[in-house]
Amino acid sequence: MLKFLLAIFCLILISFMNKMFWTVQNILFVLSFLFIIMNYSSNYFLNLSYFMGCDMISYGLILLSFWICSLMLLASESVEKYGNYVNFFVVNVLFLLLFLYLTFSSMGLFQFYLFFESSLIPTLFLIMGWGYQPERLQAGVYLLFYTLLASLPMLVGIFYLYSDCNTMNFYLLSNYSYMNELLYLCMILAFLVKMPMFFVHLWLPKAHVEAPVSGSMILAGILLKLGGYGLLRVFSFLLKTGLKLNFIWVSVSLVGGFLVSLICLRQTDLKALIAYSSVAHMGIVLSGLMTLTCWGFSGSYSLMIAHGLCSSGLFCLANVSYERLGSRSLLINKGLLNFMPSMTLWWFLLGSANMAAPPTLNLLGEISLLNSIVSWSWVSMFMLALLSFFSAAYTLYLYSYSQHGKLCSGMYSSSGGVSREYLLMFLHWFPLNLLIMKSESCFLWL
């Protein structure tokens with residue numbers, strides 16, 4: 001595990017040199033492929049170094065981090081083109097990757113907490129430094145305070161655990177089982193905000209709308225998954241309390257997912273629509289995870305990986321339109337089928353992935369989550385039916401409103417994408433459909 005850490009450190013040093021933007025991006029892709037070759041087909045911690053290890057849950061999410069960070073640089077050509085503090089931008093992305101890598105490969109609860117919080121700082125810089133509107137300051141403060149406020153009780157919970165068990169190791173902690181409501185709330189609250197659960201989701205649309213494309217990609221692709229990953233880790237010793245109290249979160253997530261789907265149907269901002277759809281998807285992930293069943297755990301993990309690729313791709317598409325038209329409003333982004341015909345294919349492919357059409361990994365995740373939630377309580381079928389229906393409805397709304405209709409009068413020429421953008425879309429969509437062929441890596445890690 002340390003060899004990749006060293007590689008990221010070397011990249012950080014390289015990125016201070018001039019004209020190194022694409023070099024760093026290419027090396028990141030090479031690192032991603034090297035990581036794929038080191039396939040861990042075990043659910044024990046392998047490749048141990050001083051405080052890092054890797055099991056199947058970590059493996060998928062670290063690989064996703066490498067992949068999305070490579071694609072972030074590929075998507076952020078405008079930063080390089082306009083010379084908008086390019087070196088700082090690359091360093092920022094690499095520090096974010098470093099913290100994410102350390103978060104997912106930590107074997108101790110405290111290290112996990114430390115890096116979990118650290119990943120907030122580069123994200124904040126991304127939003128505040130390279131965001132578009134002046135409201136980005138407010139969005140950054142929202143993000144910071146929501147996360148920090150919820151994370152402080154978790155720190156207290158971690159110290160309590162350490163005084164009780166004399167260990168922080170995830171693997172050793174799984175031998176314990178607590179029946180302590182206060183500890184349960186302390187440990188779980190930070191992750192619910194990070195997911196984000198309905199009621200504590202307000203920071204997410206704000207942060208997404210104000211962030212640059214790279215910020216949106218990393219937020220949707222990886223940072224929302226930190227919450228799910230944390231929950232998968234801490235439930236090993238919170239099972240008893242979970243069985244007693246989890247019904248609260250399942251109900252809130254299902255009802256919240258449905259309400260957020262309705263909010264999606266009212267959006268006129270492309271980015272806000274995709275951001276709210278993330279909240280709806282994370283609602284179903286959270287409720288599946290909270291059922292504490294084998295199907296629920298596997299399904300939530302699969303959908304987290306799938307959503308990371310799919311949502312990130314949609315944000316890239318929104319950015320492609322934004323760079324051409326200078327607006328993210330659906331009132332102006334109309335009739336794009338005439339304006340950018342080739343991009344419509346990618347809108348369709350990633351949109352269909354967003355509503356879990358086969359053969360995407362989203363389908364696998366959603367089917368197993370439906371299984372787990374309905375087996376947990378058949379009453380949840382009503383909310384699940386509404387959630388599934390409206391998630392298809394807002395995706396169709398996004399696709400048909402942006403691609404069909406009359407062109408906005410301000411647009412007067414046709415504009416194809418450039419090969420960089422097609423490559424970017426392909427690299428989001430291809431793994432998404434390939435992974436269903438090799439779904440045991442997402443599914444059989446239990």
Side-chain angles (χ1 to χ4, degrees), residues 146 149-150 153-154 157 178-205 224-236 238-266 275-304 307 355-356 362 365-394:
Y146 257 98
L149 187 69
M154 187 184 163
Y178 283 92
M179 188 64 193
N180 184 337
E181 286 84 356
L182 196 59
L183 174 70
Y184 169 81
L185 275 176
C186 285
M187 295 304 291
I188 220 171
L189 198 61
F191 302 131
L192 293 181
V193 169
K194 203 71 173 175
M195 278 293 278
M197 188 182 72
F198 189 69
F199 289 140
V200 284
H201 70 287
L202 284 175
W203 63 270
L204 184 82
L224 301 189
K225 315 299 173 273
L226 281 171
Y229 173 77
L231 287 173
L232 286 171
R233 288 285 190 219
V234 299
F235 264 123
S236 60
L238 292 175
L239 278 173
K240 280 185 182 170
T241 333
L243 289 170
K244 183 180 166 190
L245 294 177
N246 273 0
F247 72 94
I248 304 169
W249 316 119
V250 181
S251 334
V252 168
S253 298
L254 285 176
V255 177
F258 164 58
L259 293 175
V260 168
S261 302
L262 292 181
I263 294 174
C264 280
L265 287 169
R266 300 283 302 144
Y276 274 112
S277 81
S278 287
V279 181
H281 281 299
M282 286 295 122
I284 192 173
V285 165
L286 189 60
S287 45
L289 208 157
M290 290 292 183
T291 56
L292 300 180
T293 55
C294 182
W295 277 93
F297 271 24
S298 309
S300 58
Y301 178 68
S302 306
L303 194 58
M304 281 196 298
H307 174 265
M355 57 188 194
N362 298 58
E366 289 212 6
I367 286 177
S368 52
L369 286 171
L370 293 178
N371 253 328
S372 68
I373 298 166
V374 172
S375 65
W376 177 78
S377 161
W378 63 268
V379 185
S380 59
M381 281 203 322
F382 303 112
M383 272 303 150
L384 279 172
L386 289 168
L387 218 163
S388 300
F389 174 74
F390 281 107
S391 85
Y394 64 68

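Given the structure is predicted, the values throughout are model-derived calculations rather than measurements. Side chains included, hydrogens not; waters and symmetry mates left out as well; all remaining heavy atoms used.
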Closest heavy-atom pair and its distance - [X], [Y]:
{"X": "Ala280", "Y": "Leu387", "answer": "O-CD2, 4.3 Å"}
{"X": "Gly365", "Y": "Ser302", "answer": "CA-CB, 4.0 Å"}
{"X": "Ala190", "Y": "Met154", "answer": "CB-SD, 3.9 Å"}
{"X": "Pro153", "Y": "Ala150", "answer": "CD-O, 3.3 Å"}
{"X": "Lys225", "Y": "Met304", "answer": "CE-O, 2.8 Å"}
{"X": "Thr293", "Y": "Ser372", "answer": "OG1-CB, 3.3 Å"}

Between atom [atom1] of [X] and atom [atom2] of [Y], what is the distance when rounded to the nearest 0.5 Å?
{"X": "Ile188", "Y": "Leu231", "atom1": "CD1", "atom2": "CG", "value": "5.5 Å"}
{"X": "Leu232", "Y": "Leu289", "atom1": "CG", "atom2": "CG", "value": "4.5 Å"}
{"X": "Met197", "Y": "Ile248", "atom1": "CE", "atom2": "CD1", "value": "9.5 Å"}
{"X": "Met195", "Y": "His201", "atom1": "CE", "atom2": "NE2", "value": "14.0 Å"}
{"X": "Trp295", "Y": "Leu370", "atom1": "CH2", "atom2": "CG", "value": "10.5 Å"}
{"X": "Ser277", "Y": "Ile263", "atom1": "OG", "atom2": "CD1", "value": "12.0 Å"}

Inset, instruction - Determine, step by step, whether Met282 and Val260 satisfy the side-chain contact (heavy atoms from CB on, under 4.5 Å) criterion, reporting the C-alpha distance in whole Å, the side-chain angles of both residues, the deciding distance to 0.1 Å, and the verdict. - result: CA-CA 11 Å; Met282 286 295 122; Val260 168; over 6 Å; no
Inset, instruction - Decide side-chain contact (heavy atoms from CB on, under 4.5 Å) for Tyr184 and Phe235; before the verdict, give the C-alpha distance in whole Å, the side-chain angles of both, and the deciding distance to 0.1 Å. - result: CA-CA 9 Å; Tyr184 169 81; Phe235 264 123; 3.9 Å; yes
Quick one: does [X]'s side chain have a donor or acceptor within less than 3.5 Å of a partner on [Y]'s backbone?
{"X": "Trp376", "Y": "Ser287", "value": "no"}
{"X": "Ser380", "Y": "Ile373", "value": "yes"}
{"X": "Ser388", "Y": "Ala385", "value": "no"}

Legend entry - Parallel, tilted or perpendicular: rings of Trp378 and Phe382 (30°, 60°):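 Answer is perpendicular, since the angle exceeds 60°.
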Inset, instruction - Please work out which of the three classes, parallel, tilted or perpendicular, describes the rings of Tyr394 and His281, given edges at 30° and 60°. - result: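 Geometry flag for Tyr394 against His281: perpendicular rings.
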State, with a plain yes or no, whether a side-chain heavy atom of [X] is found less than 4.5 Å away from one of [Y].
{"X": "Trp203", "Y": "Val193", "value": "yes"}
{"X": "Glu366", "Y": "Leu303", "value": "yes"}
{"X": "Leu384", "Y": "Ile284", "value": "yes"}

Legend entry - More than 12 heavy atoms of other groups within 6.0 Å of Leu182 CG: no
Legend entry - Candidate pair Phe390 and Phe258, rule ring pair (Phe, Tyr, Trp, His ring centres under 6.0 Å), full reasoning: CA-CA 7 Å; Phe390 281 107; Phe258 164 58; 5.7 Å; yes
Inset, instruction - Apply the test side-chain contact (heavy atoms from CB on, under 4.5 Å) to residues Leu185 and Thr241: give CA-CA distance (whole Å), side-chain angles for both, the deciding distance (0.1 Å), then the verdict. - result: CA-CA 10 Å; Leu185 275 176; Thr241 333; over 6 Å; no
Legend entry - Given Val250, Val285, Val252, the one that forms side chain to side chain contact (heavy atoms under 4.5 Å, CB included) with Met290: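 That would be Val250; it is the only one of Val250, Val285, Val252 passing the side chain to side chain contact (heavy atoms under 4.5 Å, CB included) with Met290.
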Legend entry - Leu204 vs Leu224, side-chain contact (heavy atoms from CB on, under 4.5 Å): CA-CA, chis, key distance, verdict: CA-CA 9 Å; Leu204 184 82; Leu224 301 189; 3.4 Å; yes
